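Everything below concerns the one structure shown next.
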Amino acid sequence: MVRVRFAPSPTGYLHIGGARTALFNWLFARHNRGKFILRIEDTDRSRSTEEYIEAIIEGMRWLRLDWDEGPFRQTDRFEIYRRYVERLIAEGKAYRCYCTPEELEERRKKALSEGRTPKYDGRCREIREPIPDRPFAIRFKMPQEGQVVIKDMIKGDVVFENNQLDDLIIMRSDGTPTYNFVVVVDDVEMAITHVIRGDDHLNNTPKQVHIYSALGYKTPEFAHLPMILGSDRTRLSKRHGATSVLAYRDMGYLPDALVNYLVRLGWSYGDQEIFSRQELIEYFSFENVGKSSAIFNPEKLLWLNSQYMIRSDERELSELVIPFLIREGIIHEGHKVDIEWLSRAIRTLKERAKTLVELAKMLRYYIAEEVEYEEKARDKFLTPETLRLLQELRYSLEGLAEFSASAIEDVFRKHISRHKIKLGQLAQPVRVAMTGGTESPGIFEVLEVMGKEKVLKRLDRAIEYIKGR
RNA sequence: GGUCCCAUCGUCUAGAGGCCCAGGACGUAGCCCUCUCAAGGCUAAAACACGGGUUCGAAUCCCGUUGGGACCGCCA
């Protein structure tokens, strides 16, 4: 049974890189009908916050990456770690270190300034009896001879020389355990079979492998995912723009589009670009995961989002766009929305809007009482020459029994052939009258969606405007 | 600096020794469609980092060089 976990530390929001790690874990679990576990790595109490824990969970929910066990919190499990630490001490595999952080820092600086690699010298290894009344940390005795081979599902075999590894601190002087240790204990306790994480952890892996052996457990399989980089090829971070997953939600992206984008960063399936969740689960495999890092490209994400908008059901989009309509001030909180009508409006717009934010903005002219004319559009199209045209059209439309796009089109066609003009010469002024601007869906559908009453009202207003020019 | 990882169009990638004077997608440019804007269709420019091997044959295997990245905490 495959058991994997996503183990974020709540020292920030769920970001793009973390989300992709979570996603690959989730896909691997679902593909293999295994379990996906969520574990919060909050052993650093000074930097972890409740707010971040909430935000990470919210991000996971939004992306619909559901987990089967957890969220577990390491701060609830300190007793467990203490037991393992004591065992290692009793077995002589760990020892008390009385060096102070200040001393350590000083030695590190000295090593660096002399061009040496900083490494703990192991001086406290030899202390036999505990020194009373002196604070101490616990260090793990790292083997200093031989090598470790990490068999990685993505990178292949990676070899490390043991003499490069330090005796790392597994428990701080305040009694709290550290990352490289708790990770191993938890992965053992939670029976994790595959550790899938960013390749920034690859250098930690040999240390962890030695902890597994010291504890007497078999190592899990490893898969180290290549990093996601910003446009300057450094690790993706705030200065590259939005990196929080929830920021993309707020910018009007669809979670499935983000998931699709993220999965294609490093994974491929022939030439296919767009995948349903079902396909993703079915096709996912580490065989098709690349080894090299990838640059986050917001333009491709935007394109994917527009593709997902086009393919989305209008009723679904209706529900999703409402918060954005409120945020744009187009409707008020608690406003009763006619979903049926909104869906029809969205049908005309969804292939034009790349995000829910854009969709909300485009809906303004359908929903608002009045439109505001864009200056250029108004000056160009609401001219005295069009006055008669608009007046005649207005009366023909008023007489229409069935206010449908095709009936409206018939009316337009009659008018343009009578006046021997091109459709654009009539459509553009009408478009400005209806939307205030020069860009919109097909004019007949716009009128149908808007409804006779609003159409007549807006034509009247345009006519009045021209008269008053 | 040390350790480790990586290297195909600007970007994401296909490529498992001959199917490749390298395919798809985003972006860019042009054309078509057209009531505007999109969407869609067609076309174009655009890459195997470099140098050595191995082989009848290398984008693919090996070595080196160069370049990029990550990590080197009583952070995770």
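Just so you know, these numbers come straight off a predicted model, no measurement behind them. Letters A, B, ... are given to chains in the order of the sequence lines, protein chains preceding strands, and every chain is numbered from 1.
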Rounded distance (Å) that lies between atom C1' of B/C72 and atom CG of A/L202 = 13 Å
Contact class for A/R47 (heavy atom, under 4.0 Å): base, sugar-phosphate, or nothing?
-> base
With C1' as the reference atom in both, quote the distance from B/C9 to B/A14 in angstrom, rounded to an integer.
-> 13 Å
Between B/G73, B/A16, B/U11, which nucleotide gets closest to the side-chain atoms of A/E287?
-> B/A16
Pairwise P distance, B/C20 and B/U36 [rounded to whole Å] = 41 Å
From NE2 of A/H201 across to C1' of B/C72 the rounded distance in Å is 14 Å
Taking the side chain of A/S292 as heavy atoms from C-beta outward, which of B/A39, B/A7, B/C4 is closest to it?
-> B/A7
Whole-Å gap separating P (B/C6) and CG (A/L225) | 13 Å
Just call it for A/C99: base, sugar-phosphate, or nothing, with non-hydrogen atoms closer than 4.0 Å on any strand.
-> base
To the nearest Å, give me how far apart OH (A/Y95) and P (B/C74) are.
-> 12 Å
For B/C26, which nucleotide is its Watson-Crick or G-U wobble mate, given both distances must be under 3.5 Å?
-> B/G10
Got a salt bridge between A/R47 and A/D44, using NZ or NE/NH1/NH2 to carboxylate O under 4.0 Å?
-> yes
B/A49 - base-pair partner by Watson-Crick or wobble geometry, distances under 3.5 Å | B/U65
Which part of the nucleic acid, if any, lies within contact of A/L265, taking any heavy atom under 4.0 Å across all strands shown: a base, the sugar-phosphate backbone alone, or nothing?
-> sugar-phosphate
Distance between P atoms of B/A76 and B/G17 (Å, rounded) | 45 Å
Please assess A/F6 against A/F36 for the test ring pair (Phe, Tyr, Trp, His ring centres under 6.0 Å), listing each intermediate value before the final yes or no.
-> CA-CA 8 Å; A/F6 174 54; A/F36 178 51; 7.1 Å; no
Using a heavy-atom cut-off of under 4.0 Å over every strand shown, decide if A/N204 touches base, sugar-phosphate, or nothing.
-> base
Pairwise P distance, B/G23 and B/C4 [rounded to whole Å] | 37 Å
Between A/A353 and A/A137, who's closer to the 5' end of RNA chain B by nearest nucleotide?
-> A/A353
5' precedence on RNA chain B between A/R108 and A/Y269 (nearest-nucleotide basis) = A/Y269
List the protein contact pattern of nucleotides 25-36 of chain B with one symbol per nucleotide (5' to 3'): B for base contact, S for sugar-phosphate-only contact, - for none; contact means a heavy-atom distance under 4.0 Å.
-> BSS-------BB
Nucleotide opposite B/A16 in a Watson-Crick or G-U pair, distances under 3.5 Å = none
Base-pairing mate for B/G1 - Watson-Crick or G-U, with both contacts under 3.5 Å | B/C72
Please determine if A/E299 and A/K354 form a salt bridge, counting it only when a charged side-chain N lies under 4.0 Å from a carboxylate O.
-> no
Rounded to the nearest angstrom, tell me the gap between atom CD in A/E314 and atom P in B/A39.
-> 17 Å
Integer-rounded Å distance: B/G73 C1' and A/D166 CG = 10 Å
Using both distances under 3.5 Å as the test, list the Watson-Crick or G-U wobble partner of B/A59, or none.
-> none
Can you tell me if A/N204 and A/Y179 form a side-chain donor-acceptor pair at under 3.5 Å?
-> no
Which one is paired to B/U36, where only Watson-Crick or G-U wobble pairs with both distances under 3.5 angstrom count?
-> none
Looking at the side chain of A/Y179, which of B/A76, B/G2, B/G24 is the nearest nucleotide?
-> B/A76
Verify the distance criterion only: is there a donor paired with an acceptor across the side chains of A/R431 and A/S440 at less than 3.5 Å?
-> yes
Partner set under ring pair (Phe, Tyr, Trp, His ring centres under 6.0 Å) for A/H15, not counting sequence neighbours | none
Would you classify A/R235 as touching base, sugar-phosphate or nothing, given that sugar-phosphate means primed atoms plus P, OP1 and OP2, and contacts are heavy atoms under 4.0 Å?
-> sugar-phosphate
May I ask you to evaluate whether A/T178 reaches the phosphate of B/G73, defined as a side-chain N or O under 4.0 Å from OP1 or OP2?
-> no
Does a distance-only test, which skips hydrogens and angles, find a donor-acceptor pair under 3.5 Å between the side chain of A/S293 and the base of B/C6?
-> no
A/Y52 ring center near A/Y13 ring center (under 6.0 Å) | yes
Report yes or no: does A/R87 contribute a side-chain atom to a donor-acceptor pair with the main-chain N or O of A/L215 at less than 3.5 Å?
-> yes
A/L104 near the nucleic acid: base, sugar-phosphate alone, or nothing, with a heavy-atom cut-off under 4.0 Å?
-> base
For B/U55 versus B/G15, give the span between their P atoms, rounded off to a whole number of Å.
-> 28 Å
What is the nucleic acid contact for A/V159, judged by heavy atoms within less than 4.0 Å: base, sugar-phosphate only, or nothing?
-> sugar-phosphate
A/F381 CZ to B/C37 P: how many Å, rounded?
-> 10 Å
Kindly point out which of B/A39, B/G69, B/A76 is positioned nearest to the side chain of A/T234?
-> B/G69
A/T75 and A/D42: side chain donor to acceptor below 3.5 Å = yes
Nucleotide B/G69, atom C1' - distance to CG of A/D232 in whole Å | 11 Å
Ion pair A/E79/A/R82, N-O distance below 4.0 Å = yes
With both distances under 3.5 angstrom, what nucleotide forms a Watson-Crick or G-U wobble pair with B/C31?
-> B/G41
Pick base, sugar-phosphate or nothing for A/G266, based on heavy-atom distances below 4.0 Å to the nucleic acid.
-> sugar-phosphate
If B/C21 has a Watson-Crick or G-U wobble mate with both distances under 3.5 Å, name it; if not, just say none.
-> none
So does A/Q272 get a side-chain nitrogen or oxygen closer than 4.0 Å to the phosphate oxygens (OP1/OP2) of B/G23?
-> no
Interatomic spacing from NE2 in A/H415 to CG in A/L426 - rounded to 0.5 Å = 8.0 Å
Taking atom P in both B/C21 and B/A47, compute the distance separating them and give it to the nearest angstrom.
-> 15 Å
Side chain of A/K155: nearest nucleotide among B/U13, B/C71, B/C6?
-> B/C6
In whole angstrom, give me the gap between the C1' atoms of B/C19 and B/G10.
-> 29 Å
Anything under 30° is parallel, anything over 60° is perpendicular, the rest tilted; go ahead and classify A/Y283 against A/Y269.
-> parallel
Please measure how far the C1' atom in B/C71 lies from the corresponding atom in B/G53, and state the result in whole Å.
-> 33 Å
Check every strand shown and say whether A/T43 touches a base, only sugar-phosphate, or nothing at a heavy-atom separation below 4.0 Å.
-> sugar-phosphate
Between B/U13, B/A7, B/G40, spot the one nearest the side chain of A/K291, thanks.
-> B/A7
From B/C6, B/C5, B/G69, pick the nucleotide closest to the side chain of A/D199?
-> B/C5
